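Report on one structure; see the data block that follows.
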Amino acid sequence: MPSRIDDLARNRLEKLSRIRACGIDPYPPRYHRSHTIKEVLALFEQGGDLLTRLAGRITASRPMGRATFMDIRDGSGRIQLYLRKDILGDKYQLLKSLDIGDFIGATGRVFRTGSGEVTLEVADLAILSKSLRPLAEKWHGLTDVEKRYRQRYLDLVSSEEVRDIFFVRSHIITAMRRFFDGRGFLEVETPVLQPVAAGAMARPFSTYHHTLDQTLYLRIATELYLKRLIIGGLDRVYEIGRVFRNEGTSTHHNPEFTMLESYEAYADYEDVMEMVEEMVTFIAEEVLGTAQIQFGVDKIDLSHWERITLREAIEKATGRGDRPGIDIEQYPDAESLRGAMARLAAEDAPERLVADWSGLEKMSRGKLIDKLISSFVEPNLIQPTFVLDYPVELSPLAKRKPDNERLVERFEAFCGGMEVANAFTELNDPIEQRERFREQEQLRSLLGDDELERTDDDFLQALEYGMPPTGGLGMGIDRLVMVLTGKQSIREVILFPQLKAKG
RNA sequence: GGGCCGUUAGCUCAGUUGGAAGAGCACCGGACUUUUAAUCCGGGUGUCCAGGGUUCGAGCCCCUGACGGCCUACCA
């Protein structure tokens, strides 16, 4: 049984043969246009009469006997073509072999139709590429989410909104580079393949280099290499690059994602906070013209970031009118904190939290606090907020606060209910850094948690040569794009999100 | 990993109590020289995700699986 798609393809193959039979190459090597469609539309509005040579994909066709209207689109815009048999002569027959989806070139005069649309009256026509498969339906476009991601090109062809997301994404990154370049930062590139996947707490992808006979890991962060550059005297560096974490996908996670990291010598986390506030404001104004944005049902002011300590944030988020929340300072060990969380789970929405917090017994204090953050704090931080001063056991690369050795000078930036950035005053004491790595390794063997920080001896050696006081930042660019485009799923802002291969 | 939902024509979607697989767009044929979701006339083109099962009979009910979405978990 031939399916309908075979039928459609056969029709188009027949047209292809007809075109070839006329001595026309349906896939010519080049076609030089004089303008883009956008340029022509602008020029016409300025000056009127205009001869031009355009190219684009046919997106609609309205045949009317001895005349036909078509819409074509190039990367810049859409324009209507008016094709008349009395002008095109024999070439008018070629229209019978054209389909929506084909690329054509057209020369002619631009005019305005009776109904007011700027239109190209075609004097000559060329086929540039024959399409053999039908595009999505013109009115609804492509809505099957799986198909949209697997065949993103079809999604892009049929949806201006989707195209816009990726224009905005590109503009965001351009603006980000301009921001850093303007502040004297040097853009650098560090290894993607690393012998130790360090600089974050995540499970890495591993691979193997045959000639070196060695296991290598795809980076989970750029942090430790960028710090080596600070040690080397490059006082301000940043890198925008892909990092890879061997973990699940969700509306906020993709196994590979794009991260910005920046390091600035002689700065601390307060300086980084100010910089993030300025950077996000700058990017929003450059890209959207305003820092006041709509995210879901919420209005967000990206130019102003609240500051709250983690201790306060957790206490506030876990409290309920009459009953005070959990003050983590009062629970200095995993045991007591676990007890407090168990009480909270019992009193408050037990059906949800009891299930969620099933693995509580095995967790370290840091992990428990992390749990509190992701369950209570993060989802409720819609307005831009810096959460400050994290427990040291959660932050092996950050410097302790001078007045409280259980806390580090670290902040996470939250917006739209997501963590978008993480920053700290970098730990530059090599002896303490070695000790912190050691603690992480201990925890790892104790808890069997392969997502803890790994020791990078080569980095420790570098640190022993001396690193100046430094403020560092990591920002999830995909999530920033989500905030600035109002998208609730990270897959909407990644061109080809990770999907399982079809069996 | 767990729960819920989805998968029907190229695309967007209907499909009643288990009783002959449908519509719009696209496509094919015809008409039409200012249309624009063009219009008018005619044409339905299918591995109902896959594999089992129940039944006289399954798109529909049951089981298993695949893929996807959402929630949840994991994820500084």
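Bear in mind that the values here come from a model prediction, so they are computed numbers and not experimental data. Just so it is clear: chains get the letters A, B, ... in the order the sequence lines come, proteins before strands, and each one is counted from 1.
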When rounded to the nearest Å, what value does the distance between [atom1] atoms of [N] and [M] take?
N	M	atom1	answer
B/rC49	B/rC11	P	13 Å
B/rC71	B/rU8	P	23 Å
B/rA20	B/rG3	C1'	39 Å
B/rU12	B/rG69	P	15 Å
B/rU17	B/rG53	P	27 Å
B/rC4	B/rG29	P	50 Å
B/rG52	B/rG10	C1'	30 Å
B/rU47	B/rA66	C1'	15 Å

Reckon [X] touches a base, only the sugar-phosphate, or nothing at all at heavy-atom distances under 4.0 Å?
X	result
A/Gly141	sugar-phosphate
A/Asp71	nothing
A/Arg410	base
A/Thr249	base
A/Leu142	sugar-phosphate
A/Gly101	nothing
A/Thr251	sugar-phosphate
A/Asp370	sugar-phosphate
A/Glu117	base
A/Tyr390	nothing
A/Lys85	nothing

May I ask you to check whether [X] and [Y] show a side-chain donor-acceptor distance below 3.5 Å?
X	Y	answer
A/Thr68	A/Tyr92	yes
A/Thr455	A/Glu441	yes
A/Gln80	A/Arg62	yes
A/Thr309	A/Glu312	yes

So what's [N] paired with, Watson-Crick or G-U wobble, going by both distances under 3.5 Å?
N	result
B/rA50	B/rU64
B/rC70	B/rG3
B/rG42	B/rC28
B/rU35	none

For the side chain of [X], counting heavy atoms from C-beta on, which of [options] is nearest?
X	options	result
A/Pro134	B/rA38, B/rG68, B/rG10	B/rG10
A/Lys138	B/rA26, B/rG68, B/rU35	B/rA26
A/Glu137	B/rC27, B/rC11, B/rU33	B/rC11
A/Phe111	B/rU35, B/rU34, B/rC11	B/rU34
A/Arg150	B/rC11, B/rU33, B/rG68	B/rG68
A/Met64	B/rU34, B/rC11, B/rC70	B/rU34

State whether [X] places a side-chain N or O below 4.0 Å from either non-bridging phosphate oxygen (OP1 or OP2) of [N].
X	N	answer
A/Thr143	B/rU12	yes
A/Lys367	B/rA73	no
A/Arg491	B/rC70	yes

message: If you count heavy atoms of other groups shown closer than 6.0 angstrom to CD of A/Glu405, is the number above 12?
response: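 12 or below, so no.
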
field: Beyond-backbone contact of A/Lys227 with A/Glu426, side-chain heavy atoms, under 4.5 angstrom
entry: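 The answer is yes; the side chains approach within 4.5 Å.
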
message: Would you say that A/Pro391 contacts A/Leu310 through its side chain, given a criterion of any heavy-atom pair below 4.5 Å between the two side chains?
response: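 The answer is yes, as the side chains (C-beta and beyond) meet within the 4.5 Å cut-off.
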
- prompt: When only distance counts, do a donor and an acceptor, one from the side chain of A/Glu146 and one from the base of B/rU7, lie under 3.5 Å apart?
  reply: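 No.
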
message: Base of B/rU35, side chain of A/Arg62 - is there a donor-acceptor contact under 3.5 Å?
response: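 Present.
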
- prompt: Angle class for the A/Tyr82/A/Phe111 ring planes (parallel below 30°, perpendicular above 60°, tilted otherwise)?
  reply: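 Tilted: the ring planes of A/Tyr82 and A/Phe111 meet at 30° to 60°.
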
